[in-house]
Amino acid sequence: MRPSRRHPLRPRAPALPLLVFLAAAVAPLPAAAVGVNWGFAASHPLPAAQVVRDLLLPNSVPRVRLSAASPDALSALAGTRIAVTVGVPNELLRPLASSRKAAAAWVHDNVTRYASGVLFEFIAVGDDPFLLNHGQQFQPFVVRAAANIQRALDSAKLSSKMKVVVPCSSDAYQNTSTLPSKAYFRPDVNKTMVELLPFLANHSSPFMVELNPILSLQQKKNISLDYYLFQLMSRPISDGHNKYDNYFDASIDALVTALTKAGFNDMGIIVGRAGWPTDGAVNATSAIAQSFMTGLVNHLARKSGTPLRPKFVPTETYLYSLLDEDQHSISSGSYDRHYGIFTFDGQAKYHVNLGQGPMALKNALDVDYLPLKWCVVDNNKDLSNVSSSFSAACSNADCTALSSGGSCAGLGWPGNVSFAFNSYYQQHDQSEESCSFNGLGLITTVDPSVDNCLFALAIRASAATASFHPTFAVLWILVSVCIYSLV
């Protein structure tokens, strides 16, 4: 049962502007091809069966994109008729590119095994492998991995039921200009694109793009927040004869321009990621996230298209993301762990139409929380050396809410130390030794949350619900190849 306290980790959103509230209340049904991303980088994830039973099905989510091939998630999705895109983590690109047997084993274990009950649509090879931060780490393996998976699908007679796509971060084609007509693929990805685009075209696969609007907002200081939230602008951005009053259309047309310059002007497009975080940065709040998501869903439903592709709507658009993930990489920003429409324990942060219409989102039920205990700093101890314990806790837990603009940024010292201690304590299942910190930690049954800053209370995790980790997938590949070779 849920504990009788205000919701753990749920930020209290500021009062929503009246126009935003009304837009949410009368939102039309989403475009038929709207879905959600479901990631597994959480220390204490909800059981996959509960996610499907309590969140996806009651909220009429029509399609889901899995960040990786989680056996629990795939088993839970079997028989639901929810369309599924399954991801291949970057860590698997090298082994899949190097071995057709590895690709065949991966397809056998993660697709063929579930194909009779799971409605697969796409295999997404890589997780933003072209992201500028990655450099050349994954690029050499992307196309070969995709080609080997395609061959494996062909051999398994599954290629007519699903397509192979490669997620591409928007920074692969955006330049310093805000004008879509000036966009082009980054020079360092051109060689890969020369191989990837013909591969996609030959198999009638769309181009999957990943959008990161808050990062764009942070980088382009001269563009207003309204531009990202689909709000009416008195001065739209002019690009020749075309005018842009929102980030989404401009991003799509920038990609269209880059594809056209590469010789693939008619290639289909799907949006693999579009969302807004609720914590960890300035402008990362539930109210702003609701405004963005509502604007996006309504914009897609109107099917008005873009200046370069009138009446065109991306074949599919996946909202990012279903749940918060406290172990997600924060290479782009601390907000990367707070994209969930729902908190890590399945409680809605704001309203967005996932398919349920104007009705409120249904939350996860009967969540199995750990006892009402928290770890805080013992103010009766000598705290002159507490900084090292604070750093150690944050490096092994989640302190992103303490970031500038975050919900706990105003805690001050030593409240921020208590927050770090408790995050570490909860991630380690409230074990007594995880609140030691050289004698500076103290276990309390009094909720230390302050105003909007909520101290975590974890849910009970077991081996069956442990988060998926790419390292295990790599080991699985190696073992599967050995077994597959013997068959």
Side-chain angles (χ1 to χ4, degrees), residues 31-39 62-69 83-90 92-93 96 111 120-132 134 138-139 141-147 149-150 153 159 161-174 183 185-186 189 192-213 215-216 248-249 251-260 262 264-275 296 300 306 309 312-322 332 339:
V34 168
V36 295
N37 282 264
W38 177 5
R63 51 186 32 83
V64 64
R65 177 187 172 193
L66 306 180
S67 64
V84 174
T85 293
V86 62
V88 178
N90 288 333
L92 292 184
L93 294 179
L96 292 175
V111 180
F120 287 103
E121 275 195 309
F122 297 103
I123 310 297
V125 180
D127 179 16
D128 271 357
F130 306 117
L131 195 66
L132 189 60
H134 293 328
F138 304 114
Q139 279 193 50
F141 314 110
V142 173
V143 179
R144 278 185 289 160
I149 288 178
Q150 181 67 55
L153 290 175
S159 55
K161 299 180 179 180
M162 63 200 76
K163 294 186 180 297
V164 175
V165 293
V166 175
C168 180
S169 52
S170 57
D171 70 3
Y173 63 85
Q174 288 183 333
F185 287 114
R186 290 195 327 255
V189 303
T192 304
M193 287 299 163
V194 168
E195 299 175 350
L196 175 61
L197 296 178
F199 167 80
L200 295 175
N202 290 340
H203 293 92
S204 301
S205 293
F207 191 99
M208 175 181 274
V209 62
E210 313 273 64
L211 302 181
N212 192 341
L215 180 60
S216 175
F248 185 82
D249 284 353
S251 295
I252 296 299
D253 274 2
L255 174 57
V256 171
T257 298
L259 289 171
T260 299
F264 293 86
N265 57 301
D266 293 328
M267 180 166 283
I269 296 172
I270 60 177
V271 178
R273 160 189 169 141
L296 174 60
L300 292 170
T306 69
R309 287 192 177 182
F312 165 80
V313 178
T315 309
E316 298 189 2
T317 297
Y318 291 86
L319 305 181
Y320 190 80
S321 170
L322 185 65
S332 295
Y339 268 100

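Because the structure is predicted, anything quoted here is derived from the model rather than measured. Numbering of residues begins at 1 and proceeds along the displayed sequence.
Side-chain N or O atoms of Arg186 include one that pairs as donor or acceptor with a backbone N or O of Phe130 at under 3.5 Å. Of the possible polar contacts, one joining the Asn37 side chain to the Leu319 backbone as a donor-acceptor pair under 3.5 Å is found. Under a 3.5 Å cut-off, the side chain of Tyr173 and the backbone N or O of Ser251 do form a donor-acceptor pair.
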Inset, instruction - Determine, stepwise, if the pair Leu300 / Phe248 fulfils side chain to side chain contact (heavy atoms under 4.5 Å, CB included). - result: CA-CA 10 Å; Leu300 292 170; Phe248 185 82; 4.0 Å; yes

Legend entry - Val271/Ile252 under side chain to side chain contact (heavy atoms under 4.5 Å, CB included): CA gap, chis, key distance, verdict: CA-CA 9 Å; Val271 178; Ile252 296 299; 3.9 Å; yes

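Residues Val34 and Arg63 share a closest heavy-atom pair of O-CG, 3.4 Å. Between Val142 and Pro129, the shortest heavy-atom contact is CG2-CB, 3.6 Å. Heavy-atom minimum distance, Glu121 versus Ala83: OE1-CB, 3.4 Å. Closest of all the heavy-atom pairs between Ile269 and Arg309 is CD1-NH1, 3.7 Å. Shown here for Met267 and Ser205, the closest heavy-atom pair between the two residues is CG-O, 4.3 Å. The shortest non-hydrogen separation linking Pro314 to Ile270 is CB-CA, 4.4 Å.
With sequence neighbours left out, Ser170 forms a side-chain hydrogen bond (donor to acceptor under 3.5 Å, both in side chains) with no residue at all. Phe199 pairs by the ring-ring contact (aromatic ring centres under 6.0 Å, His included) definition with His203, not counting sequence neighbours. Residues meeting the salt bridge (charged side-chain N to carboxylate O under 4.0 Å, His left out) test with Asp249, sequence neighbours left out: none. Phe264 pairs by the ring-ring contact (aromatic ring centres under 6.0 Å, His included) definition with nothing, not counting sequence neighbours. Every residue two or more places apart in sequence or in another chain was checked for a ring-ring contact (aromatic ring centres under 6.0 Å, His included) with Phe122, and none qualifies.
In this structure the side chain of Phe312 never reaches within 4.5 angstrom of the side chain of Val256, judged on heavy atoms. The side-chain heavy atoms of Glu316 and Pro206, taken from C-beta on, include no pair separated by under 4.5 Å.
The structure places OG1 of Thr192 at 11.0 Å from CZ of Phe141, a figure rounded to the nearest 0.5 Å. Note: Phe120 CZ to Thr85 OG1 = 10.0 Å, rounded to the nearest 0.5 Å. Note that CG of Leu211 and OH of Tyr318 are 14.5 Å apart. Values are rounded to the nearest 0.5 Å. Taking OG of Ser332 as the reference point, atom CG of Asp128 lies at 8.0 Å (rounded to 0.5 Å). The CG atom of Leu259 sits 8.5 Å away from the CE atom of Met193 when rounded to the nearest 0.5 Å. A distance of 11.0 Å separates CG in Asn90 from CD in Gln139, rounded to the nearest 0.5 Å.
Sorted by first and then second residue, the salt bridge (Lys or Arg N to Asp or Glu O under 4.0 Å) pairs with a member in residues 193-213 read Arg65-Glu210; sequence neighbours excluded.
Ring geometry, Phe207 versus Phe185: the interplanar angle falls from 30° to 60°, so the pair is classed tilted.
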